[in-house]
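Each remark here refers to the structure printed beneath this line.
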Amino acid sequence: MKEYLKEQITEALHALGLEADGIDIQFEKPKVADHGDLSTNIAMMMARDAKKNPRVVAGEILGKLDLDPARISAAEIAGPGFINFRYASEHLTEALEDILLRGDAYGRSDANAGKTVNVEWVSANPTGPLHAGHGRQVCIGATICSLLEWTGWTVTREYYFNNAGNQMNNLATSIRERYLALLGEEISDENILYAGEYIADIARAIHQEHADTKRSAPLEYFRKQGEERCFAMIRATLDRLSVIHDVFYNEDTLYSDGKIDEVLTALRAKGVVYDKDEAVWLKTTEFGADKDRVIIKSTGEPTYRLPDIAYHREKIVRGFDRIIDIFGADHIATIPDVLAAVRTMDLRTEHIDVIIHQMVSFVNEGEAVKMSKRSGNVYYLEDLIDDVGIDAVRFFFIMRGANSHLEFDIKLAQEQSENNPVYYLQYAHARIASILRFAEQEGMADLAQAQLALLAHESEIALIKELLRFPEWVEISARTCETQHLCTYLHSCATAFHKFYHDCRVVTEDRALSAARIALCKATMQVLRNGFTIIGIDAPEKM
RNA sequence: GCUCCCGUAGCUCAGGUGGAUAGAGCAUCUGCCUCCUAAGCAGAGGGUCGCAGGUUCGAGUCCUGCCGGGAGCGCCA
């Protein structure tokens, strides 16, 4: 519809002798229903060049417009110079038919067909289970991936993890210590570098499977055990949330494939690396940083920065049309260095988008939930799922903008689950399912003779208009990678349905009207379900 | 001290490309089920959009400077 109006207005501008080529004609949905269905400010944009009053320009444009009455029933000038358009009822019934026809595919677009994107997110290191704060990134990333797919992208879902370096040794040492304690040996608290209960669990599992035969096993054994078992925990949690990854890319690979050395050589060749104090430094000051950074420690071990650079180089070389990194705000500092280093190796980075999400704080009964890894006092993502449920987790974490700090009130989510916004949406779906069951029981499930033109009630019209905006909001959410837009849309969609339900009885004596309303219910159900699919929440038939 | 994010109703937060009268949920108050799910609907109260300038026909939205909160500034990741 917007495309149609754009064409018409462009023609009108040409007819008026106004320069229209460089102008992007924009539309928006007026906030006030009285102002119609679509609004454009084009007359105000043109007024300055034309040196005329915007309302006069609007009048001239309107005079040249010849609109199809089957699409637009009215066009009028309003306010300081807006031109408001009203949809014709034929357009609405056609849109409704389209929803029912396209079904599970309604809202999908092939706008980005043939383009590939790599999305990297979660990427927690296998030193323990995911904690509750990880949930935000888990859910944001998963939703962004499905939004991208819905708009045509071919998505590779990727998880990068660091399984080399000192932290893995700390993990191994901690597990070995707990294991030796089970064998009755005296242990030192200094060797318990990770204090979580899961360390003891891993030690117990090893003990159960191997008794005391690992008493003098090398640290490497415990490192491998730790990595595998921690990863099993992480993946179990992701599974529970139906979050999947196609590629698990680990730091070890970069060493075994020689990529680390390649990158170091390349950086040296570019002269952005130097040796000092037995360490190797990257001249990050040349990239605008306040000081240079170590990339290889005096021990000979690289810091995280070097493999990060090598990893990004690999991602670029693998040839995606687009690369998206999703990080928490606590990892923001390394990004400019990594991208700059990659650029010095003559690789482009313009197709890399970095999405930063702010931290989450958890509140319980008005008290901040303290989390300390050292003491092992951690609120895990598993615990959060147990406490508030999968759907609430998936929805709560994406309903706010990533740039905003998120406060997650556990007590509220536990105690007032009935007021939970996700239930509001699911209730609308369950309510429709219930109506459809009732309709079938009354022998009125036949849609064949539905005359959609019978839908003329204010609430019916409002609901249809809401439904036909779904594809647009999917597109906006995907393009901006801002998941909260979809949540806001679905909420207003559910509100429109609840109001319709309140105002209009679906199953009545009037079979023709009932059939039309059943069709409207089915279309609403379809839109909700498609939205739920993107978000990853359940669409219940009963509640 | 420097970099990034945020500041909108009592609380938690929406406000896509600058547009018409700034919204939702929770909380408070008032109505609505002999009828397809009241986990719902309708309505009321509640705001100097942190402060001060600037850009322009028009700023919650863009720019600058302050104030306040968060994150980072490691031979941790």
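Chain naming here is simple, since letters A, B, ... match the order of the sequence lines and numbering starts at 1 in each.
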Should the pair A/R431 and A/Y501 be classed as cation-pi, given the thresholds of under 6.0 Å to the six-membered ring centre and 45° from the axis?
->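 Flagged: A/R431 positioned over aromatic ring of A/Y501.
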Find out whether the Lys NZ or Arg CZ of A/R322 is both under 6.0 angstrom from the six-membered ring centre of A/W153 and within 45° of the ring's axis.
->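 Yes - A/R322 lies over the ring of A/W153, closer than 6.0 Å to its centre and within 45° of its axis.
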For a quick test of reading the model: is some side-chain N or O of [X] closer than 4.0 Å to OP1 or OP2 of [N]?
X      : N     : answer
A/K29  : B/G16 : no
A/H485 : B/G15 : yes
A/K297 : B/G74 : no
A/Y423 : B/A38 : no
A/R431 : B/A38 : yes
A/R293 : B/G74 : yes
A/Q358 : B/G69 : no

Whole Å only: how far is the [atom1] atom of [X] from the [atom2] atom of [N]?
X      : N     : atom1 : atom2 : answer
A/Y427 : B/G25 : OH    : P     : 16 Å
A/Q137 : B/A77 : CD    : C1'   : 13 Å
A/H429 : B/C36 : NE2   : C1'   : 16 Å
A/E460 : B/C41 : CD    : P     : 17 Å
A/K542 : B/A39 : NZ    : P     : 16 Å
A/I410 : B/U12 : CD1   : P     : 16 Å
A/Q426 : B/G40 : CD    : P     : 13 Å

Should the side chain of [X] and the base of [N] be counted as holding a donor-acceptor pair, with the cut-off at 3.5 Å?
X      : N     : result
A/N41  : B/G19 : yes
A/S298 : B/C75 : yes
A/T488 : B/A24 : no

Determine, answering yes or no, if A/F82 is stacked on B/A20 under the 5.5 Å centre rule and the 30° plane rule.
->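 Yes; by the centre-distance and plane-angle rule, A/F82 counts as stacking on B/A20.
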Options [options], nucleotide nearest the side-chain atoms of [X]:
X      : options             : answer
A/R400 : B/G16, B/U37, B/C13 : B/C13
A/H498 : B/G72, B/A14, B/G40 : B/G40
A/E28  : B/G19, B/G70, B/U12 : B/G19
A/E407 : B/U12, B/A38, B/A24 : B/U12

Which class fits the ring pair A/Y160 and A/Y311: parallel under 30°, tilted 30 to 60°, perpendicular over 60°?
->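 Rings of A/Y160 and A/Y311: parallel, as their planes differ by under 30°.
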Do the rings of A/H429 and A/F532 sit parallel, tilted or perpendicular, given the 30° and 60° boundaries?
->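 Ring orientation of A/H429 relative to A/F532: tilted.
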Near A/E278 CD, under 6.0 Å, is it more than 12 heavy atoms from other residues, nucleotides or ligands?
->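 No, the 6.0 Å shell around CD holds no more than 12 heavy atoms from other groups.
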Describe the nucleic acid contact of A/F27 in one word from base, sugar-phosphate, nothing, applying a heavy-atom distance below 4.0 Å.
->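 Base contact - A/F27 has a heavy atom under 4.0 Å of at least one base atom.
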In whole angstrom, give me the gap between the P atoms of B/U3 and B/U12.
->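 Between the two P atoms, the distance is 28 Å.
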Torsion-based syn/anti label for B/C33, 90° from 0 as limit =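 Here the answer is syn: the torsion falls within 90° of 0.
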Output yes when A/K29 and A/D37 qualify as a salt bridge under the 4.0 Å nitrogen-oxygen rule, no when they do not.
->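 No.
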